[in-house]
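All remarks here apply to the structure that follows.
Model, not experiment: these values are computed from the prediction. Values below: all heavy atoms of this structure, side chains included; hydrogens, waters and symmetry mates excluded.
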Amino acid sequence: MHAINLSDCLSFVTEFTLALAGGRGFPSDHMNTMVDESHEELKTAVRELCREYPDKYWRELDEKRAYPEAFVQALTRAGYMATLIPEEYGGAGLGVTEASVILEEIHHSGGNAAACHAQMYIMGTLLRHGSEAHKRQYLPKIADGSLRLQAFGVSEPNTGTDTTQLKTMAVKTGDRYVINGQKIWISRAEHSDLMLLLARTTPVDQVKKRTEGLSTILVDLRQAAGHGLRIRPIRTMMNHATTELFFDNLEVPVENLVGEEGHGFRYLLDSLNAERILIASECIGDARWFLERTCKYANERVVFGRPIGKNQGIQFPIARAYANLEAARLMVARAAGLFDSGKACGPEANMAKLLAADVSWEFANVAVQTYGGFGFAEEYDIERKFRETRLYQVAPISTNLILSYLAEHVLGLPRSY
Ligand SMILES: Cc1cc2nc3c(=O)[nH]c(=O)nc-3n(C[C@H](O)[C@H](O)[C@H](O)COP(=O)(O)OP(=O)(O)OC[C@H]3O[C@@H](n4cnc5c(N)ncnc54)[C@H](O)[C@@H]3O)c2cc1C
């Protein structure tokens with residue numbers, strides 16, 4: 001059975017509604033969409049680990065904008081960061097479905113996997129397109145935690161979502177790439193050993209298609225920082241360890257090129273479906289966290305001599321968000337299933353991200369409304385989660401861009417850009 005204790009929610013529902021729905025088992029039976037027994041074990045194990053890192057842990061880090069080092073180390077020690085790394089390279093050899101279960105459970109527990117989730121999908125580029133030598137060199141160390149690949153350098157201040165226009169150049173000079181340019185919003189750069197960088201190796205005016213001439217290069221941040229790379233932290237509305245990067249003749253060995261020169265954009269696209277699904281799982285976890293907190297509070301908070309949850313003005317937004325959560329959860333499970341069976345899943349992965357980000361944000365608002373003034377008090381954690389889950393309307397891909405993908409690439413409507 002699922003982990004959510006819905007007994008609090010059930011008290012909202014009248015006997016009449018229950019009869020229509022088929023009895024008291026209705027809500028919990030329908031929560032079991034993507035779970036089988038092995039996942040149940042996995043969920044229990046992740047939940048137990050997360051119990052060591054309660055609300056207070058995240059709240060204090062949030063206040064200081066500090067990196068959750070102890071949590072990331074515990075996740076790594078437990079092997080969760082190596083979920084998608086094949087067994088031959090020291091990982092667990094599991095799929096995106098299992099990785100989703102882990103990330104969902106971290107967020108469902110009140111934690112935030114943004115501190116480390118990127119390693120799961122960045123590593124995919126190395127796995128699919130890196131040479132055998134690269135895989136042997138890096139993957140076992142990433143799996144055992146002695147090396148972190150948590151930074152992904154794509155976004156630039158002057159290009160935004162129009163990635164093919166990015167300006168950072170990597171010019172081959174002998175056995176080195178010399179890199180100049182600027183990146184922004186590069187998360188975890190201060191806490192990662194390696195970064196996968198997307199840079200232009202051929203100027204845009206010298207390629208037939210603007211998607212050509214981009215390359216993926218591994219940058220060893222330990223060597224680069226202070227020697228051609230400057231990292232400037234950006235303080236954001238939530239605790240996210242994001243940074244701005246300045247490259248000034250940074251030299252990187254040519255053997256750090258991942259895959260073929262000029263094909264980086266294709267490699268980027270390859271990793272996006274996994275990224276969408278994994279982020280969607282985090283949104284589902286956030287929504288489930290809000291659901292439980294909100295139901296509990298609505299049952300306990302007494303105003304006008306009765307629990308506020310007795311009022312349909314409080315009940316209905318929670319019930320609607322719950323229905324949307326269930327629908328989004330099904331789409332995430334479907335996208336993950338398709339991905340793991342090697343089938344095309346672009347529309348599903350994008351819809352999963354869209355629906356899940358929408359429902360976590362919907363729930364964030366429902367939670368604040370239900371908590372009233374206490375929704376704004378730091379010690380209740382609602383406002384922290386509210387700030388954290390807001391990000392997913394914008395990053396790693398904004399809602400508008402998903403809608404435009406669906407409109408143009410799935411529905412065949414005319415291109416807008
Ligand atoms: C906390 C945080 C962490 C991040 N971490 C990373 C990271 O680790 N690595 C990395 O490379 N990037 C990272 N990003 C960057 C993130 O991926 C981008 O912010 C995101 O893709 C949006 O790009 P932008 O900010 O440049 O917005 P812009 O492209 O400038 O767009 C601004 C707004 O206009 C809308 N818009 C733009 N064009 C269109 C259009 N044609 N039609 C309709 N609407 C449009 C967008 O949807 C958006 O709402 C992070 C961002 C944040 C805030």
Side-chain angles (χ1 to χ4, degrees), residues 1-21 23-28 30-31 47 50-51 53-63 104-112 237-239 282-329 356-392:
M1 294 300 285
H2 66 87
I4 288 185
N5 176 2
L6 278 165
S7 58
D8 289 335
C9 301
L10 274 171
S11 70
F12 292 160
V13 187
T14 64
E15 289 306 317
F16 175 68
T17 343
L18 278 169
L20 279 180
R24 287 226 171 247
F26 169 67
S28 50
H30 280 255
M31 290 298 285
R47 213 175 297 139
C50 290
R51 209 165 286 139
Y53 303 91
D55 292 345
K56 188 168 176 286
Y57 173 78
W58 295 102
R59 201 183 307 140
E60 286 175 0
L61 290 173
D62 180 68
E63 194 185 335
E104 178 181 326
E105 217 43 60
I106 292 170
H107 280 245
H108 175 214
S109 79
N112 191 345
M237 69 189 259
M238 68 295 173
N239 185 18
E282 296 182 359
C283 293
I284 296 290
D286 280 347
R288 291 177 62 204
W289 183 88
F290 280 121
L291 166 71
E292 289 171 18
R293 296 286 168 123
T294 306
C295 286
K296 188 168 184 297
Y297 190 80
N299 271 312
E300 287 171 1
R301 172 73 169 168
V302 174
V303 181
F304 295 113
R306 59 195 196 149
I308 56 168
K310 267 200 170 184
N311 302 302
Q312 291 187 324
I314 291 288
Q315 287 178 5
F316 285 4
I318 302 173
R320 181 178 292 277
Y322 170 63
N324 290 338
L325 165 61
E326 285 297 272
R329 213 171 179 215
D358 279 355
V359 80
S360 70
W361 182 230
E362 179 184 2
F363 249 122
N365 282 289
V366 168
V368 169
Q369 205 62 28
T370 305
Y371 272 70
F374 291 107
F376 296 84
E378 285 181 357
E379 65 188 281
Y380 282 76
D381 298 294
I382 299 292
E383 62 80 38
R384 172 176 60 82
K385 273 281 180 194
F386 178 95
R387 288 183 278 114
E388 287 175 2
T389 218
R390 182 62 179 85
L391 174 66
Y392 300 116

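Counting heavy atoms from C-beta on, the side chains of F363 and D286 never come closer than 4.5 Å. In this structure, the side chains of D381 and R59 come closer than 4.5 Å at one or more pairs of heavy atoms. The closest side-chain heavy-atom distance from H107 to E388 is not below 4.5 Å. Inter-residue side-chain proximity for W58 and K385 is flagged as unmet; no heavy-atom pair is nearer than 4.5 Å. Two residues are said to be in side-chain contact when any heavy atoms from C-beta on lie closer than 4.5 Å; F290 and V366 fail this criterion. Side-chain contact between L391 and E282 is absent, with no heavy atoms from C-beta onward closer than 4.5 Å. A 4.5 Å side-chain heavy-atom check between W289 and I382 finds at least one atom pair inside the cut-off.
Y53 contributes no side-chain N or O that, together with a main-chain N or O of S109, makes up a donor-acceptor pair within less than 3.5 Å. The main-chain N or O of I308 is found under 3.5 Å from a side-chain atom of N311 such that the two form a donor-acceptor pair. Judged purely by atom type and a 3.5 angstrom limit, R288 has no side-chain atom pairing as donor or acceptor with the backbone of H108. Between the side chain of E104 and the backbone N or O of G285 there is no donor-acceptor pair closer than 3.5 Å.
Contact between C283 and A357 at its shortest, heavy atoms only, is SG-CA, 3.7 Å. Smallest separation of non-hydrogen atoms from V359 and A328: CG1-CB, 4.2 Å.
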**OP:** Please assess R390 against M238 for the test side-chain contact (heavy atoms from CB on, under 4.5 Å), listing each intermediate value before the final yes or no.
**Re:** CA-CA 9 Å; R390 182 62 179 85; M238 68 295 173; over 6 Å; no
**OP:** Decide yes or no on salt bridge (charged side-chain N to carboxylate O under 4.0 Å, His left out) for K296 and E292, but give the supporting numbers first.
**Re:** CA-CA 6 Å; K296 188 168 184 297; E292 289 171 18; over 6 Å; no
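The structure places SG of C295 at 11.5 Å from CD1 of I314, a figure rounded to the nearest 0.5 Å. Once rounded to the nearest 0.5 Å, the distance linking CD of E378 with CZ of R384 reads 10.5 Å. A distance of 8.0 Å separates CD1 of I318 from CG of L291, quoted to the nearest 0.5 Å. Atom NZ in K56 sits 10.5 Å away from atom CG in L61 (nearest 0.5 Å).
Every ring pair (Phe, Tyr, Trp, His ring centres under 6.0 Å) that F374 has, sequence neighbours left out, goes to Y380.
Screening R293, E300, R301 against Y297 for a side chain to side chain contact (heavy atoms under 4.5 Å, CB included) leaves a single residue, R301.
Screening residues 357-370 for side chain to side chain donor-acceptor pair (under 3.5 Å) gives N324-E362, D358-Q393, S360-T389 as the qualifying pairs, with residues at least two apart or on separate chains.
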